[in-house]
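For ligands, and for the atoms within them, numbers begin at 1 and follow the listed sequence.
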Amino acid sequence: MNIIVVNAGSSSVKLTCYGPTVDSVMATGMVERIGLSGTLLHYQAGNREPIKTPVSIRNTAEAVAALARHLVYPQPGCLNSLEEVQAVGHRVVHGGEKLNQPMVIDAGVKEIIREYFDLAPLHNPPNLEGIEAAEAAFPEAVQVGIFDTAFHSTIPAHAFMYALPLELYGEDKIRRYGFHGISHQNVSRTAAEFLNRSPENLNLITCHLGNGCSITAVKGGRSLDTSMGLTPLEGLVMGTRCGDLDPAIVLHLMEQKGLTLPQVRNILNKKSGLLGLSGGKLSDLRDIIDAMEQGDEAAGNALEVFCYRIRKYVGAYMAAMGRVDAVVFTAGIGENSALVREKTLAGLGQLGIAIDPDRNQARSSDTREISPPDSPVKVLVVPTREEREIAGQVMAVLGTTP
Ligand code: ADP
């Protein structure tokens, strides 16, 4: 049995081919800079030489088709034929209230994914394109949707409701949905395994800090609250997204400064976050830290705002759960930046949270504990394995053991 995982983003497509278990990765491929100059295809099967080649690929469909061809070529490829693929799992960002668990994709499911184009304009359209391209490339396979919102479908109403007129929820479904669910679910499972504890008895705060950032309170293996909301704009400070704001700021920008709706949307999504705070120069945390070390005050402040926002949420989620067993850091920043981890949790000893400086600095790509050995609240770094999580959930839908 072979399973393919497709992760189709706005300018890249990643494809992973699995054998019968989530540990049997047979090939990985990616097309990046789709629709831009310098489009590149990366591919590696087993321990063969990796391929990295310039390609003229214009869209998601062409990228999926090109990566699929590599699975069977050059002969013998990692597969003899694309008909050996039993299922393709797709990461879909917004599944709303209706698509709240992994499911086989049919015409009705595709229609719902389309309904959420407005709420996830950068993500759901390429996700759907990836699904349709995979239907063409792997005609024998079942297509399965794994939704980033699904893990958060357990959030109770008091945490998902906004204090707006009720009909805006009833009719327009305006509520907190939450995102990065595949990652939060994956790292909370891994953290429970690492701590040798049953997920049912564990309260975790999981911090997914990449270009997009979100934080989740995971109680007994289920999402209890999360920082992203109706869209992936709310919550933490991100690379270019603002996170939490007084909503009156939007009105002020439009009324007092005369900005148009597309201009405001552009500011909030593309010109804010670390980029905005650093004076419009830097959105990548490594660049922010380099600039700060060279005395750039705005970059230093950007880092302070970034860490303080996470810290506030850690406190809020401790209160929401009543007790926390571990704080988990993941994704590009969470896994790699000892400085962000240290600044975020410094001085929280009264809450039982501490970081051991040597453990925090040690570099490793494995799951690890960075709190002192006797700390009541563990602090963990857990590499996120979203593709593996998707493959496991697809296998569960097919009724096979991951
Ligand atoms: P995406 O949300 O696009 O998947 P990633 O999870 O790859 O993003 O995270 C990208 C972020 O991780 C960038 O801000 C980058 O600077 C940061 N990052 C990656 N490696 C390091 C590192 N060694 N130290 C600090 N930050 C890092």
Side-chain angles (χ1 to χ4, degrees), residues 5-16 28 30-34 36 42 91 93 120 122-123 126-127 148 178-187 190 206-216 226-228 231-243 269-278 280-294 296 299-300 302-307 309-310 328-344 355 360-368 370 381-390:
V5 170
V6 172
N7 190 343
S10 50
S11 65
S12 71
V13 172
K14 288 187 205 153
L15 181 147
T16 312
T28 57
M30 172 166 76
V31 180
E32 60 175 338
R33 297 183 59 80
I34 297 170
L36 304 170
H42 306 252
R91 177 193 188 181
V93 165
L122 298 179
H123 299 103
N127 296 161
D148 251 325
F179 298 86
H180 290 145
I182 296 166
S183 176
H184 289 292
Q185 185 168 16
N186 178 258
V187 299
T190 307
T206 52
C207 310
H208 178 108
L209 310 177
N211 282 314
C213 300
S214 68
I215 179 165
T216 297
T226 193
S227 58
M228 284 178 166
T231 74
L233 187 56
E234 193 183 347
L236 302 180
V237 175
M238 312 186 207
T240 64
R241 283 173 259 171
C242 57
N269 282 289
K270 305 260 177 74
K271 303 270 184 228
S272 298
L274 294 173
L275 180 69
L277 286 164
S278 66
K281 289 177 295 192
L282 313 164
S283 68
D284 189 292
L285 186 87
R286 282 166 294 198
D287 299 336
I288 293 273
I289 292 175
D290 286 349
M292 184 186 76
E293 287 171 353
Q294 281 156 29
D296 184 324
L303 185 68
E304 294 299 328
V305 177
F306 182 84
C307 296
R309 185 77 54 84
I310 306 167
V328 176
F329 286 96
T330 194
I333 296 172
E335 291 169 34
N336 294 300
S337 178
L339 182 61
V340 164
R341 296 190 297 253
E342 182 210 308
K343 274 186 168 298
T344 300
I355 285 188
N360 189 30
Q361 290 295 340
R363 298 201 65 82
S364 160
S365 54
D366 294 331
T367 295
R368 57 202 185 275
I370 59 168
V381 178
V382 180
T384 187
R385 302 273 181 258
E386 290 175 282
E387 264 71 23
R388 191 178 201 276
E389 182 66 35
I390 295 171

Nitrogen or oxygen contacts under 3.5 Å, ligand 1 side and protein side:
{"residue": "ligand 1", "atom": "2 (O)", "partner": "N211", "partner atom": "N", "Å": "3.0"}
{"residue": "ligand 1", "atom": "3 (O)", "partner": "N211", "partner atom": "ND2", "Å": "2.9"}
{"residue": "ligand 1", "atom": "6 (O)", "partner": "G332", "partner atom": "N", "Å": "2.9"}
{"residue": "ligand 1", "atom": "8 (O)", "partner": "N211", "partner atom": "N", "Å": "3.2"}
{"residue": "ligand 1", "atom": "8 (O)", "partner": "N211", "partner atom": "ND2", "Å": "3.4"}
{"residue": "ligand 1", "atom": "12 (O)", "partner": "I333", "partner atom": "N", "Å": "3.3"}
{"residue": "ligand 1", "atom": "14 (O)", "partner": "L285", "partner atom": "N", "Å": "3.1"}
{"residue": "ligand 1", "atom": "16 (O)", "partner": "D284", "partner atom": "OD1", "Å": "2.3"}
{"residue": "ligand 1", "atom": "16 (O)", "partner": "D284", "partner atom": "OD2", "Å": "3.4"}
{"residue": "ligand 1", "atom": "16 (O)", "partner": "L285", "partner atom": "N", "Å": "3.1"}
{"residue": "ligand 1", "atom": "16 (O)", "partner": "R286", "partner atom": "N", "Å": "3.2"}
{"residue": "ligand 1", "atom": "16 (O)", "partner": "R286", "partner atom": "NE", "Å": "3.3"}
{"residue": "ligand 1", "atom": "20 (N)", "partner": "N336", "partner atom": "ND2", "Å": "3.4"}

(message) Do T216 and H180 pair up side chain to side chain, a donor and an acceptor below 3.5 Å, judged on atom types alone?
(response) no
(request) Look up atom SG in C242 and atom CG in L277, then write down how far apart they are to the nearest 0.5 Å. (result)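 Spacing of SG (C242) from CG (L277) equals 10.0 Å.
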(request) Mind checking the CE-CG spacing from M292 to L282? Nearest 0.5 Å is all I need. (result)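 M292 CE to L282 CG: 12.0 Å, rounded to 0.5 Å.
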(message) Donor-acceptor pair, distance only, cut-off 3.5 Å: does the side chain of R341 make one with the backbone of F329?
(response)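 Here the side-chain-to-backbone pair does not exist.
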(message) Tell me whether R286 is salt-bridged to D284, with the criterion being a basic N under 4.0 Å from an acidic carboxylate O.
(response)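 Here R286 pairs with D284 in a salt bridge, since their nearest N and O are under 4.0 Å apart.
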(request) Grab the two heavy atoms, one from N7 and one from R91, that are nearest each other, plus how far apart they are. (result)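 That would be OD1-CD, 3.3 Å.
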